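I have placed the structure first, in the form of structure tokens, so that the comments after it can refer back to it.
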Amino acid sequence: AQSVTQLDSQVPVFEEAPVELRCNYSSSVSVYLFWYVQYPNQGLQLLLKYLSGSTLVKGINGFEAEFNKSQTSFHLRKPSVHISDTAEYFCAVSYSSASKIIFGSGTRLSIRP
Amino acid sequence: EAGVAQSPRYKIIEKRQSVAFWCNPISGHATLYWYQQILGQGPKLLIQFQNNGVVDDSQLPKDRFSAERLKGVDSTLKIQPAKLEDSAVYLCASSLTGGVPTEAFFGQGTRLTVV
């Protein structure tokens with residue numbers, strides 16, 4: 001079945017520390033991967049996407065993610081977080097250009113000063 | 001460019017009442033999605049339109065939910081009658097279509113509370 005799993009429901013980190021948010025997807029021949037961020041009481045905003053090509057993808061606000069086909073993962077990373085990064089982060093997958101976008105359950109990132 | 005517009009932002013109704021939500025996608029976007037996001041969960045796709053045709057409505061509770069997209073632009077999602085478990089944020093999104101997949105752009109959502 002097509003699915004995406006976010007292993008951590010909450011991740012607390014100190015300000016200026018690095019962070020990794022984990023995402024795994026069910027394997028398929030072709031897959032398109034996304035990370036979205038949702039700030040309180042707002043809609044979802046795209047952070048970055050992987051469609052093809054380089055497995056290291058850079059997004060907005062200093063975030064990056066690496067597509068790992070052998071491990072079916074697409075983990076999100078940032079070397080140094082800020083208070084303003086406090087939000088909920090969703091990993092999403094699409095298995096073809098016309099198929100639906102499936103979301104994970106989300107990871108709440110909380111930043112401690 | 002203008003983003004995805006949704007209205008209303010908030011709605012409170014009693015159970016067994018009906019409610020409708022409206023969405024205006026980004027101009028030129030052929031694909032429109034309605035998602036349901038229950039508190040603490042990720043968005044769940046209810047229905048996906050390609051222009052004015054339905055691509056996927058496998059998770060739409062068709063006994064009470066209905067959606068339409070007239071003329072392939074605006075869309076409405078209706079719930080009749082509402083249940084307590086329908087309390088959620090209803091997100092509308094749109095995307096370009098054709099060949100390379102693109103990301104979905106989301107509206108701010110409608111927060112529905114059923115009491």
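Bear in mind the structure is a predicted one, so any value in this text is a computation, not a measurement. Below, read A as the first sequence line, B as the second, and so on, with proteins coming before strands; counting in each chain starts at 1.
With a 4.5 Å cut-off on non-hydrogen atoms, A:Q45 does not touch chain B at all. Residue B:Q6 does not touch chain A at all, counting heavy-atom pairs closer than 4.5 Å.
Proximity to chain A among residues 56-66 of chain B is limited to B:D56, B:S58, B:Q59, judged by heavy-atom separations below 4.5 angstrom. Chain B is approached within less than 4.5 Å, heavy atom to heavy atom, by A:F103, A:G104, A:S105 from residues 103-113 of chain A, ordered by number.
The side chain to side chain donor-acceptor pair (under 3.5 Å) test with B:Y90 is passed by exactly one of B:K11, B:Q37, B:Q36: B:Q36. Just one of A:L21, A:N24, A:N68 meets the side chain to side chain contact (heavy atoms under 4.5 Å, CB included) condition when paired with A:H75; it is A:N24.
Panel note: side chain B:S87, backbone B:L84; a donor-acceptor pair is recorded below 3.5 Å. In this structure a side-chain-to-backbone donor-acceptor pair under 3.5 Å is missing from B:W34 to B:C23.
Taking the six-membered ring where the residue is Trp, the centroids of A:Y32 and A:Y95 are separated by 6.0 Å or more. A distance of 6.0 Å or more separates the ring centres of B:Y33 and B:F106.
The pair B:D74-B:R69 fails the salt-bridge criterion, with no side-chain N (NZ, NE, NH1 or NH2) lying under 4.0 Å from an Asp/Glu carboxylate O. In this structure, A:R77 does not pair ionically with A:E64, as no charged nitrogen and carboxylate oxygen lie closer than 4.0 Å.
For the atom pair CG (B:L77) and CG (B:L32), the distance works out to 10.0 Å, reported to the nearest 0.5 Å. Rounding to the nearest 0.5 Å gives a distance of 7.0 Å between CG of A:L46 and CD1 of A:I60.
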